[in-house]
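As structure tokens, the structure follows; a few thoughts come after it.
Chain letters run A, B, ... following the sequence lines, proteins first and then strands; every chain starts at 1.
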Number of protein chains: 2
Amino acid sequence: MPGHPSRIELERGTDRAELRAAVHADLRVPPQDGPGPDLRADARHNRERILGAAREAFATRGLDVPMAAIARRAGVGVATLYRRFPSRESLVVEVFADQLTACASTVDDALADPDPWRGFTTAIEKICAMQLADRGFATAFMTAFPAATGYEHTRAHAERRFAELVRRAKEAGRLRADFDSADLVLLLKAVCGVTADAGEAAAASSRRLVAYLLQSFEAGRTAPLPPPPPLDLGHLHPVAPR
Amino acid sequence: MPGHPSRIELERGTDRAELRAAVHADLRVPPQDGPGPDLRADARHNRERILGAAREAFATRGLDVPMAAIARRAGVGVATLYRRFPSRESLVVEVFADQLTACASTVDDALADPDPWRGFTTAIEKICAMQLADRGFATAFMTAFPAATGYEHTRAHAERRFAELVRRAKEAGRLRADFDSADLVLLLKAVCGVTADAGEAAAASSRRLVAYLLQSFEAGRTAPLPPPPPLDLGHLHPVAPR
DNA sequence: CGGCAAACGGACGGGGTGCTCCACTTAGGC
DNA sequence: GCCTAAGTGGAGCACCCCGTCCGTTTGCCG
């Protein structure tokens, strides 16, 4: 585990104008990995049905829902599903593209908040709410899909912006200095653990955990917080789990 | 989900002497669900091998490791495994009986500490360390096995003692008043989420998360901590997941 | 309207797991 | 040492999931 390149990159000095330019670049680059224009009418229709079914299935059952279940829910044969989306990853990437950009703009909105700390907390709360609403979100967010350049690009954007959010909140003296950007994945994983098969209690559990952690993130805690975080937003699972 | 009976029971006023008596009763009741005395020598031997293999497998691969893997590791046929332990649950119960009592005595030790807060924190840290050392521990701890009366008994004991630990820490003014005993399962689940397939980072992640949460548990945080915990040590999964 | 390529869906082989049945082996009392 | 019941292991069955192949259907262009 030699070094954490992305964290270094995240902390690299970039002024506001540069950042904004980078953002626009980010958002322009992936125009859509999308449908591919030359699809027969019925094929395009089925593609939409598949995406809808997958979105629903991922949200309620998580990312490792059987492909056959998605196909059935979409009223489509398995072959059709696989023809349109050769790998589960491609389907995940397509389904969570919107959510990912939504997540990114959530962070952007948070940066627009004049109060850095409020921006930080609301960003975290909203992100966790996204995980609560969609059981697959956090996994999709924390899994790396090297092939999907657009996806990776927007994620990287969100990460960079989040790091900026962290920097500002620290600068304002509201966020503890030893907070690390990677603590976001810590929090997300924790929320995952707390919401996994918690049924109706999931929402309240998540909210309470997030409240606890946010209060701990706030500056003023003199306690040393012993262990540094070894995991980084940069090196995630290269492929979806299992 | 009407009410949380066990929590009510936990908070019921019991003085120290009564508690100690109850503890001894608890510890005497399950003498062992154990081997069953009338086993042939080779059978007893195989039983031990199975338990060892299962312990190892559960620790490294989690509670849902394939039964065949356990049998193979034990150098035993699958049938032997199933004859000795008809259900996966029975095996889990047997394997984690020791760890559970170890957990219980950890809490007891913590109660012996003259400093209630230090007792509280070390108890939590040790329990989380147990989860770190054994990937199956938290799941085994948080899963209810209604059939295994001894197991359930010692768990109930540990829970009651932990509630006492909480009460004392609050009384000493070191633990925030709105802490709930059920927050222990919140923490355990969170640690699970953070350590699950985190590989080498598991230890550091767990330690950091626990440190964050412990600091948040400490009294002095004036923020209201909005949502109350809906899940309770009392109603857990009736059976092991999947 | 006719024909072809695109699209479809179910069947299928392969791998993995849970659990059982049954023919063989062996411990240990006599 | 023998005999029997306890014990054993692996084959086998049922199920689930993945991903592909192939015979059939259908959109769409001429």
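If you measure from atom CZ of B:R83 to atom P of C:dT20, you get 12 Å, rounded to the nearest angstrom. For B:D38 and C:dG29, the CG to P distance is 13 Å, given to the nearest whole Å. The separation between B:R84 atom CZ and C:dT20 atom P is 15 Å, rounded to whole Å. The CZ-C1' distance, from B:R47 to D:dA6, rounds to 16 Å in whole Å. Protein atom CZ of B:R49 is 12 Å distant from nucleotide atom P of D:dT8, rounded to whole Å. Rounding to whole angstrom units, NE2 of residue B:H45 and P of C:dT25 are separated by 21 Å.
Here the side chains of B:D134 and B:F96 are in contact, with some heavy-atom distance below 4.5 Å. B:L91 has its side chain within reach of B:F58: a pair of non-hydrogen atoms, C-beta onward, lies under 4.5 Å apart.
A donor-acceptor distance shorter than 3.5 angstrom exists from the side chain of A:E152 to the backbone of A:F145, with no hydrogens or angles considered.
Phosphate proximity of D:dT8 to B:N46: present, with a side-chain N or O under 4.0 Å from OP1 or OP2. Distances shorter than 4.0 Å separate some side-chain N or O of A:T80 from OP1 or OP2 on C:dG9.
Legend: residues meeting ring-ring contact (aromatic ring centres under 6.0 Å, His included) with A:F217, ordered by chain and number and at least two apart, are A:F179, B:Y212. Applying the side-chain contact (heavy atoms from CB on, under 4.5 Å) criterion to A:S90, with sequence neighbours excluded, gives A:F85, A:P86, A:S87.
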* Asked: Reading nucleotides 14-19 of chain C 5' to 3', which nucleotides get B (base under 4.0 Å from a protein heavy atom), which S (sugar-phosphate only), which -?
  -> ---SSB

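Among residues at least two apart or in separate chains, salt bridge (charged side-chain N to carboxylate O under 4.0 Å, His left out) pairs with a member in residues 67-86 of chain B are B:E56-B:R73. Residue pairs satisfying the salt bridge (charged side-chain N to carboxylate O under 4.0 Å, His left out) criterion with at least one member in residues 139-150 of chain B, sequence neighbours excluded, are absent.
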Check nucleotides 28-30 of chain D against the protein and report each pair of N or O atoms closer than 3.5 Å, with its distance, or say if there are none.
{"from": "D:dC28", "atom 1": "OP1", "to": "A:A41", "atom 2": "N", "distance (Å)": "2.9"}

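With salt bridges taken as basic N to acidic carboxylate O contacts below 4.0 Å, one links B:R155 and B:E159.
Heavy atoms of B:A79 sit under 4.0 angstrom from at least one base atom.
The distance from the CE atom of B:M130 to the CD atom of B:Q99 is 4.5 Å, given to the nearest 0.5 Å.
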